Amino acid sequence: MCGIIGIVAKNNVNQDLYDGLTVLQHRGQDAAGIVTYDDKRLHLRKDNGLVKDVFSTNDMMRLRGNMGIGHVRYPTAGSSSSAEAQPLYVNSPYGIALAHNGNLTNANELKEEIYNQDLRHLNTDSDSEVLLNVFAHEIQTSHKLRINEEDVFNAIRVVHKRCRGAYASVAMITGYGIVGFRDPHGIRPVVYGKRDSGQGVEYCIASESVALDVQGFELIDDIKPGEAVIITAQGEVFIQQCAENTSYNPCIFEHVYFARPDSIMDNISVYKARLRMGEKLAKKILKIHPDHDIDVVMPIPDTSRSSALELANALGVRYREGFIKNRYIGRTFIMPGQKQRKSSVKKKLNAMELEFKGRNVLLVDDSIVRGTTSSQIVKMAREAGAKKVFFASASPAVKYPNVYGIDMPSPEEFVAHQRSSDEIAKEIGADWLIYQDLEDLIQSCQRGNKYISQFDCSVFNGEYVTGDIDQNYLNDIDKRRNDKAMQSNFDRENEILDIHNS
């Protein structure tokens, strides 16, 4: 999971790109990068780390230009080396930079084509570099000194034919403009908007609407599945559908966990969707536990707050904040190895005894993946004096790998792997556990957009909307995502860092 942004303005875009990436920081904490265009030159700065750590004042001063793109990166099963930080760049043709959110499911096949047929060279293992080279090659087939919008749209048409999987991308073509495009299923989110600077209209493309809101851009629309939006350096806008067969299948896990609640994606308010998740969950609790003895409902910060609040209201039970979060600790399920995750959870949250002591507490989380965090939190609640600890997940049990850009662990490491709800409750130490029903989750999100016929719910039901995922593919990613492989990569990269710093 990553965050992308692109801006065409009348003045320097460096500060706006920086601010936009800061707002999108929740989508990726591993690396950040910005590339701008000014006076026939590209200016690039990218590295591992948070936005605030990657860009110094001197870096910002060098990032001159009225258009540019940016990216925040989420750790993946491969390397977290700075070589894979984005935006990525190719010199030919024209000079093209690209930032990508998602995952190509036929990346290995495309790598062979790029080398043997397109005669292009790849420098990393990143599927984003694959996407960039496919796009660049197809633009190059125009054989023009100066391209126009039809050349770009034609290139994206071929990209859609060659590339499978999930991709929400923003690319900058040197001297021409920026282009945003989305895969034919619309799995990963991307929106665009405009603002009047007083000197003319400026445009922004970003993963979430909140990156537009905070900088005064008015949301125009989502980029639809298979659609492309071109914004030239002169501020002209061209929009065209570039895929022959499209369907609207956004990832439902965006609404469960990744997106900020103040975002609107695919015309769905993330905040309202999460409120409805809490309402649905309350109805299920009343059905299964009509005589519940819950004294207080508490969210596990931060993503579950909206659902927990509405759940408490629907149950007629007090809502309380029992956990205080250290905001300088990253999300835990992406960390390699159980040891690091357990250590991180205790540093991340602190339980307030005065809210727990002598009470029956219902803890609400957005989801349960490995269960490591959940079991630690249940233990903390008991140590803080809770009489009983119940647990509710605003989403169904996570049982299947995600292949579209969320780097979840091996399925065997999911706490729900071959376990019933009662067995999971025992595993995490809760008195009872309740999961959201998938149909209720779908209804909670679908109410915002009637045109979405089917969400990608693959992590819950194992149904992959692109239709190209077989067991061999799942076995391959399982080898790269299990804890042993993750720990091996982590140790190897630390050894490289030690050598570099010695």
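Here the structure is a predicted model, which is why all the values come from computation and not from measurement.
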Check against side chain to side chain donor-acceptor pair (under 3.5 Å), His185 and Ser247: CA-CA 5 Å; His185 290 274; Ser247 58; 2.9 Å; yes
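- The two atoms that bring Pro250 and Ile452 nearest to each other are CG-CD1, 3.6 Å, heavy atoms only.
- Side-chain N or O atoms of Glu129 include none that pairs as donor or acceptor with a backbone N or O of Leu88 at under 3.5 Å.
- In the displayed structure, Lys399 atom NZ is contacted under 6.0 Å by at most 12 heavy atoms of other residues, nucleotides or ligands.
- Lys387 has its side chain out of reach of Arg359: every pair of non-hydrogen atoms, C-beta onward, lies at least 4.5 Å apart.
- For the 3.5 Å distance criterion, the side chains of Lys280 and Gln436 fail to qualify, holding no donor opposite an acceptor.
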Leu275/Ser307 under side chain to side chain contact (heavy atoms under 4.5 Å, CB included): CA gap, chis, key distance, verdict: CA-CA 5 Å; Leu275 289 178; Ser307 297; over 6 Å; no
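- Under 4.0 Å is where a charged nitrogen must lie from a carboxylate oxygen, and between Lys287 and Asp437 no such pair does.
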Candidate pair Cys251 and Phe455, rule side chain to side chain contact (heavy atoms under 4.5 Å, CB included), full reasoning: CA-CA 6 Å; Cys251 175; Phe455 287 91; over 6 Å; no
Step-by-step salt bridge (Lys or Arg N to Asp or Glu O under 4.0 Å) determination, Arg164 to Glu109: CA-CA 10 Å; Arg164 299 195 301 269; Glu109 173 188 327; 3.7 Å; yes
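- The side-chain heavy atoms of Lys52 and Gln25, taken from C-beta on, include no pair separated by under 4.5 Å.
- For Glu218 and Lys194, the salt-bridge test fails: no basic side-chain N is under 4.0 Å from an acidic carboxylate O.
- Ion pair Lys325/Asp302 flagged as a salt bridge, since at least one NZ, NE, NH1 or NH2 atom sits closer than 4.0 Å to an Asp/Glu carboxylate oxygen.
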Evaluation steps, side chain to side chain contact (heavy atoms under 4.5 Å, CB included), between Asp183 and Cys163: CA-CA 9 Å; Asp183 71 79; Cys163 298; over 6 Å; no
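- Within the 4.5 Å cutoff, side-chain heavy atoms of Phe391 are placed close to those of Ile368.
- For the pair Gln215 (side chain) and Arg195 (backbone), a donor-acceptor distance under 3.5 Å is absent.
- Taking 4.5 Å as the limit, some side-chain heavy atom of Met265 sits within range of a side-chain heavy atom of Val270.
- No hydrogens or angles considered: a donor-acceptor pair under 3.5 Å links the side chains of Thr105 and Asp468.
- Checked by atom type and distance alone, the side chain of Ser375 pairs as donor or acceptor with a backbone atom of Thr372 at under 3.5 Å.
- Between the Thr232 side chain and the Gly177 main chain, no donor and acceptor come within less than 3.5 Å of each other.
- The pair Lys224-Asp221 meets the salt-bridge criterion, since a charged nitrogen lies less than 4.0 angstrom from a carboxylate oxygen.
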Test log, rule side chain to side chain contact (heavy atoms under 4.5 Å, CB included), inputs Ile34 and Ile69: CA-CA 6 Å; Ile34 290 174; Ile69 63 176; over 6 Å; no
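- A 4.5 Å side-chain heavy-atom check between Cys457 and Tyr400 finds every atom pair outside the cut-off.
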Residues Arg274, Glu310; criterion salt bridge (Lys or Arg N to Asp or Glu O under 4.0 Å); working and verdict: CA-CA 9 Å; Arg274 289 177 182 168; Glu310 193 65 13; over 6 Å; no
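- Side chain to side chain, Ser263 and Tyr271 fail the donor-acceptor criterion of an N or O pair below 3.5 Å.
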Arg419 vs Glu427, salt bridge (Lys or Arg N to Asp or Glu O under 4.0 Å): CA-CA, chis, key distance, verdict: CA-CA 9 Å; Arg419 288 190 179 102; Glu427 181 70 18; 3.7 Å; yes
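- Not one N or O on the side chain of Asn350 forms a donor-acceptor pair closer than 3.5 Å with the backbone of Phe323.
- In this pair, Phe253 and Phe460 present their aromatic rings tilted. The plane angle is within the 30 to 60° band.
- Between the side chain of Asp431 and the main chain of Val389, a donor-acceptor pair closer than 3.5 Å is present.
- Proximity of a side-chain donor or acceptor of Asn106 to a complementary backbone N or O of Arg162 within less than 3.5 Å is detected.
- Remark: side-chain polar atoms of His292 are paired, donor with acceptor, to backbone N or O of Ile294 under 3.5 angstrom.
- Between the side chains of Asp478 and Ser410, at least one donor N or O sits under 3.5 Å from an acceptor N or O.
- Salt bridge status for Arg27 with Glu254: present, with a side-chain N to carboxylate O gap under 4.0 Å.
- A salt bridge links Lys161 to Glu244: one of the charged nitrogens lies within less than 4.0 Å of a carboxylate oxygen.
- Using a 30° and 60° split on the angle between ring planes, His160 and Tyr167 fall in the parallel class, below 30°.
- Arg182 has a carboxylate O that lies under 4.0 Å from a charged side-chain N of Asp266, or vice versa, which qualifies the two as a salt bridge.
- Side-chain contact between Leu281 and Met277: absent, with no pair of heavy atoms (C-beta onward) separated by less than 4.5 Å.
- Environment of NZ in Lys10: crowded, with over 12 heavy atoms of neighbouring residues, nucleotides or ligands closer than 6.0 Å.
- A salt bridge links Lys388 with Asp293: the distance from a Lys NZ or Arg NE/NH1/NH2 to an Asp or Glu carboxylate oxygen falls below 4.0 Å.
- Using a cut-off of 4.0 Å between Lys/Arg side-chain N and Asp/Glu carboxylate O, Glu84 and Arg73 are scored as salt-bridged.
- Side chains of Tyr435 and Ser395 form no contact here, defined as non-hydrogen atoms less than 4.5 Å apart.
- Annotation: side chain of Ile268 is in contact with side chain of His255 (closest heavy-atom distance under 4.5 Å).
- In this structure a side-chain-to-backbone donor-acceptor pair under 3.5 Å is present from Gln241 to Ala243.
- Side-chain contact, Ser420 with Asp422: no donor N or O sits under 3.5 Å from an acceptor N or O.
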